[in-house]
Protein chains: 2
Amino acid sequence: MAPRPNLSDIARALGVSSATVSNALSGKGRVSAQLSRQIAEKAKELGYVPSLAGRALSTGRSHVLGLVLADIGHPLFPQFAQAIEQAATRAGYGVLIGDSRGDVKTQTAAIDQLIERGADGIILVPRHGTRIAEINSPVAVIDTPSTPGNTVSADHWQGGRLIGAHLRDLGHTRLAIIGLHQDSNVQADRIGGIRTGFGPEGSVRTLWIDALEAAAGPGCELGLAELVRHGYTAFAAVSDIHALRAVSELQRSGLSVPAHVTVTGFDDLHWARSISPALTTVRMDMERIARLAVADLLLQIEPDRIAPPVDEAARPQAVPMELIVRSSSASPHGNLFPSQDNNNTDPDTLPSREGTNNA
Amino acid sequence: MAPRPNLSDIARALGVSSATVSNALSGKGRVSAQLSRQIAEKAKELGYVPSLAGRALSTGRSHVLGLVLADIGHPLFPQFAQAIEQAATRAGYGVLIGDSRGDVKTQTAAIDQLIERGADGIILVPRHGTRIAEINSPVAVIDTPSTPGNTVSADHWQGGRLIGAHLRDLGHTRLAIIGLHQDSNVQADRIGGIRTGFGPEGSVRTLWIDALEAAAGPGCELGLAELVRHGYTAFAAVSDIHALRAVSELQRSGLSVPAHVTVTGFDDLHWARSISPALTTVRMDMERIARLAVADLLLQIEPDRIAPPVDEAARPQAVPMELIVRSSSASPHGNLFPSQDNNNTDPDTLPSREGTNNA
DNA sequence: CAAATCTGATTAAGCGCTTAATCAGACTAT
DNA sequence: ATAGTCTGATTAAGCGCTTAATCAGATTTG
């Protein structure tokens, strides 16, 4: 296979200098319109493809962005990656991935690695506890507005408000929020938002899966049916995953969603629309977040770039989330357990623990 | 911030030539042990990091692999990405991602892009219909053994056999397989495997979600309860996603999994263990597949590399899948509808269509 | 002891591109 | 007519690294 043509091949074929070819192709120096056209033609004819390595060496810019995620295993990662890849490609950048395998130390290592590989900047979706300041390179952080150093992210709090208000508007008064663990800014924001949106009248409590599992083992029952008996008509999970688990558990308890109980999620994961009942949830505008993050990075990398389109100019830190009402939420009518503390339910309707999962 | 030191900085500091430094650091030329040590020390002291761009330009190898997926949005992508990233990192390579957004044309474009970016090779998880031959670069294809040109992949057929045999062993005799669409090699293999594993005695039929949705709209009911009435006791989905949907629909119909019906999935997605009932499924050995794919690629890129570890030497095309039995599968005892064609069920136990999803 | 060999280092060229500096010629302006 | 401007191109250096070729000196060899 023939080695790929380079600048001088074109130059030689046209009897000009390679600098002229470079100028013509990049539109930088002074080249007559006609020569410029000829060069462009010849380049296409020869199938010229600029060597990024050569360019990188010469300019000091690789046109590659590093994407580091706290945990590649996170179900939201695909959406992130896709959106970032798209935004980067549009800006003429490639995306190099790094994985921190959930570990903060590995994360730093991953970032260093990407920088060594020549990444011009890093997009970081951090694990809680990262010291962003230590990074010696342009960085855009996607976390949550309340985190210091956050560059751009979904407005998790506002998303929570959307959910809270939705539930209140449906007429729910007792709400249980399902969270994973306490030390996550994102979750804290979401929960804060839910509480705010739900309003001060209703009564709200929060369940921490972490704590429950620490006691009863991973995958254990969350005891939601019990809460329903105590008058809780709505469960707002801090992630679709937990919502799914909740729906699942409730249905196994003989409760129907949303006829008996309402369940909502967060993030609109891939399958949220295809389970039944389809999940009411809240979605981030990944596209927008990705575009903003990349735009911010480019601004750091090449400050004198062509001004970004107006719509980006605003560059809000917090991108609004969107409520997606599907069929897992409804008014709390026809509740199976209208009176509180009704413990004498038909055991057939509320089978206890049958089929708990222990692989 | 001080510009990063380069080879000649080290050379100057030690009063030697930069070639010597290069040789010492790469262990290639002839350098005395002592000088070599000094150089290594000085390098560390100055915080020297080799410029990949320089090296790439000089050697023609970027030490970057391109990862192209049919659809980054696919829920399995994280696992892929993570495994590949790991395998690549171990071999000293970075991973550049490309997304074909499900489109074959975009896919070709994505590959070209990565090559232009200097990727030394491509790992491709293709969309059905890709012309692999057209790729002008080392490629490793991860698809399914029955696809010509496949480099390495999970043994989907064998995985299917695992599922089929598991269901037969449990005592099921009527099985419905749930697939998405017909023109997928992977699905075809999985289904073929399931049928084979289930054996010729049982009766098996296949449901295509695609077809059903074309008729009744996306997210529609699959009519599984109806099948249960006709004596089907097991549903083997070709993906955890569809299994989830099946479980969900069955539970809403008042059927208990696995007490009444068995459901199995495929792929062991992230949440498969945390729904209830936890999903019986089959998992690919991503780690292994990724290692083999990367190893194969490296063999094409640098044929005279150090021989790979023995365990890789075998380099099977098809990596066995592993059956993961959880709680969604059980013997078909206590079926709610033991007799076939029992249509007179309590409507309360089988609510029809309430809460179908239309956002 | 001269010739051959080895060792440990240096020189120099080149990878493909960018870009500042330069230059020749043509065109204004005085 | 002569100095000053513009235009359209060229020259040349350099980005950081690798590597073949070279070389000086020390060590072996017949």
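The model shown is predicted, which means the values in this text are computed figures rather than measured ones. Each chain gets a letter, A, B and so on, in the order its sequence line appears, and its residues count up from 1.
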For A:Asp143, what residues pass the salt bridge (charged side-chain N to carboxylate O under 4.0 Å, His left out) criterion, not counting sequence neighbours? none
From CG of B:Asp9 over to P of D:dG14, roughly how many Å is that when rounded to an integer? 15 Å
Are the side chains of A:Ile123 and A:Val68 in touch, meaning some heavy atoms are under 4.5 Å apart? no
What's the shortest heavy-atom distance between B:Ser146 and B:Asn185, and which atoms? OG-CB, 4.4 Å
Determine, for nucleotides 16-24 of chain C in 5'-to-3' order, which nucleotides have protein heavy atoms under 4.0 Å from the base (write B), from only the sugar-phosphate (write S), or from neither (write -). BBBB-----
In plain terms, say whether A:Lys44 and A:Glu41 are close enough for a salt bridge, that is, a side-chain N and a carboxylate O under 4.0 Å apart. no
side-chain contact (heavy atoms from CB on, under 4.5 Å) partners of A:Ala19, counting only residues at least two apart: A:Ser17
Validation row: A:Asp120, A:Tyr93 side chains within 4.5 angstrom (heavy atoms): yes
Give the angle between the helix axes at the two ends of the helix from C:dC1-D:dG30 to C:dT30-D:dA1, taking five base pairs at each end and rounding to 10°. 50°
Give every donor-acceptor pair under 3.5 Å between a side-chain atom in residues 77-88 of chain A and any protein atom, sequence neighbours left out.
unit_1  : atom_1 : unit_2   : atom_2 : d
A:Gln82 : NE2    : B:Asp99  : OD2    : 2.9
A:Glu85 : OE1    : B:Arg101 : NH1    : 3.4
A:Glu85 : OE2    : A:Thr89  : OG1    : 3.2

So B:Ser32, base contact, sugar-phosphate only, or nothing? Heavy-atom distance under 4.0 Å. sugar-phosphate
Suppose we screen for side-chain contact (heavy atoms from CB on, under 4.5 Å). Which residues come up paired with A:Ser26, at least two apart in sequence or across chains? A:Lys28
Rounded to whole angstroms, how far apart are CD1 on A:Ile39 and C1' on D:dG8? 11 Å
